[in-house]
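Inspection log for the structure reproduced underneath, given as structure tokens.
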Amino acid sequence: MHFLVRLAVFLSLCGCSNAQGQTKEEDTEEVKIEVLHRPENCSKTSRKGDLLNAHYDGYLAKDGSKFYCSRTQDEGHPKWFVLGVGHVIKGLDIAMMDMCPGEKRKVIIPPSFAYGKEGYEGKIPPNATLLFEIELYAVTKGPRSIETFKQIDTDNDRQLSKAEIELYLQKDFEKDEKPRDKSYQKAVLEDIFKKNDHNGDGFISPKEYNVHQHDEL
């Protein structure tokens with residue numbers, strides 16, 4: 001499993017965090033945020049449910065060793081994910097709230113908001129405090145909205161076909177500064193249907209569109 005979700009998360013939809021699941025550690029620990037750069041003109045800031053495009057590097061706070069670099073994954077494309085719904089670790093969901101496009105932050109995330117006592121697949125040791133350097137590129141309206149569903153559903157039949165999603169993706173890819181080849185776009189499309197077309201009928205219904213799914217960092 002990749003550390004970060006790919007663009008396909010725009011249909012790997014989500015639910016809310018459960019505050020009742022907080023531990024005593026979470027009551028006392030906090031995510032520390034240092035703003036390195038914030039643009040003077042900031043008309044829109046990130047909030048829960050927004051679709052973000054960002055680069056970030058992850059380090060172990062204990063010794064400064066790097067365990068993740070988004071610029072070396074997926075040909076260096078910035079990562080897309082929905083904020084505040086569990087597509088990334090809880091600490092990053094917190095750390096990237098209220099950010100402007102173009103803003104840079106350094107954040108320190110305690111274990112209770114990262115991988116806790118278990119760690120992660122040998123790459124993150126148990127009880128590890130993490131440090132991330134983040135650069136946010138874009139903030140767009142989140143995919144869970146009915147407005148987005150209606151934009152994709154061009155024939156208004158209340159279900160999303162592969163052709164409709166392919167057209168929506170094509171328009172979205174055209175906004176990216178880095179060109180993406182057809183094979184990449186096809187892979188994203190197939191991934192979307194693999195994760196969301198639960199009854200295998202070749203369409204994504206409103207119910208499937210709103211299925212709660214979790215991905216790791």
Side-chain angles (χ1 to χ4, degrees), residues 3-23 25-61 66-71 73 77-116 124 128-149 151 172 175-177 210 212-217:
F3 274 105
L4 296 173
V5 292
R6 297 173 54 188
L7 177 59
V9 304
F10 99 92
L11 282 176
S12 297
L13 300 173
C14 43
C16 302
S17 299
N18 186 349
Q20 295 178 351
Q22 288 184 325
T23 65
E25 280 186 305
E26 290 177 338
D27 290 336
T28 58
E29 294 182 330
E30 63 179 5
V31 176
K32 297 179 181 179
I33 301 172
E34 178 184 356
V35 177
L36 304 177
H37 171 72
R38 188 174 177 96
E40 292 184 6
N41 298 320
C42 180
S43 59
K44 181 176 184 178
T45 59
S46 58
R47 60 182 182 177
K48 184 175 180 178
D50 282 340
L51 183 64
L52 305 189
N53 186 227
H55 265 314
Y56 45 90
D57 297 338
Y59 305 84
L60 299 180
K66 182 182 289 188
F67 62 83
Y68 181 79
C69 176
S70 63
R71 290 173 174 82
Q73 301 290 322
H77 293 297
K79 306 305 173 185
W80 290 93
F81 60 93
V82 180
L83 182 65
V85 297
H87 282 162
V88 292
I89 57 173
K90 187 173 182 179
L92 281 176
D93 272 338
I94 294 170
M96 298 186 70
M97 292 287 184
D98 194 35
M99 285 188 76
C100 303
E103 184 171 338
K104 298 179 182 180
R105 289 183 178 182
K106 179 187 290 186
V107 301
I108 298 176
I109 300 175
S112 59
F113 290 99
Y115 290 100
I124 310 294
T129 297
L130 308 181
L131 185 152
F132 282 91
E133 293 178 350
I134 305 165
E135 182 173 4
L136 181 63
Y137 292 103
V139 178
T140 59
K141 193 165 186 177
R144 296 184 67 211
S145 68
I146 188 62
E147 291 85 359
T148 302
F149 187 94
Q151 287 176 13
D172 197 67
K175 299 175 184 177
D176 199 338
E177 294 180 358
N210 286 288
H212 182 111
Q213 297 185 42
H214 286 287
D215 284 285
E216 296 289 349
L217 164 69

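Every heavy atom of this structure was used, including side-chain atoms; hydrogens, water molecules and symmetry mates were not.
Pairing each heavy atom of G49 with each of V82, the nearest pair is O-CG1, 3.7 Å. Nearest heavy atoms, A128 versus I124: CB-CG2, 3.9 Å. When all heavy atoms are compared, the tightest approach of Y137 to R71 is OH-NH2, 3.6 Å. Shown here for P78 and N53, the closest heavy-atom pair between the two residues is CB-ND2, 3.2 Å. L51 and W80 get closest at one heavy-atom pair: CG-CE3, 3.6 Å. Across every non-hydrogen atom of C42 and P39, the tightest pair is CB-O, 4.2 Å.
Among H55, E135, H77, K79, the one residue that satisfies the side-chain hydrogen bond (donor to acceptor under 3.5 Å, both in side chains) test with S70 is H55.
Atom OG1 of residue T45 and atom CG of residue L136 lie 10.0 Å apart, to the nearest 0.5 angstrom. Note that CG of L131 is 9.0 Å distant from CZ of F67, once rounded to the nearest 0.5 Å.
For the pair F81/M96, a side-chain contact is recorded, criterion being any heavy-atom separation below 4.5 Å from C-beta on. Side-chain atoms of V88 and F132, non-hydrogen and from C-beta on, never get closer than 4.5 Å to each other.
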query: Under the side chain to side chain contact (heavy atoms under 4.5 Å, CB included) criterion, do D50 and T140 qualify, and how do the steps go?
result: CA-CA 6 Å; D50 282 340; T140 59; over 6 Å; no

- request: Begin with the C-alpha distance, continue with both residues' side-chain angles, and end with the deciding distance and a verdict on side chain to side chain contact (heavy atoms under 4.5 Å, CB included) for L83 and V139.
  value: CA-CA 10 Å; L83 182 65; V139 178; over 6 Å; no

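Within 6.0 Å of the NZ atom in K32, the count of heavy atoms belonging to other residues, nucleotides or ligands does not exceed 12.
Between the side chain of S46 and the backbone N or O of M99, at least one donor-acceptor pair lies under 3.5 Å.
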Which side-chain N or O atoms in residues 102-110 pair as donor and acceptor under 3.5 Å with protein atoms at least two apart or in another chain?
from, atom 1, to, atom 2, distance (Å)
E103, OE1, R38, NH1, 2.7
E103, OE1, C100, N, 2.9
E103, OE2, R38, NH1, 3.4
E103, OE2, R105, NE, 2.7
E103, OE2, R105, NH2, 3.2
R105, NH1, A95, O, 2.6
R105, NH1, M97, O, 3.0
R105, NH2, M97, O, 3.4
R105, NH2, D98, O, 3.0

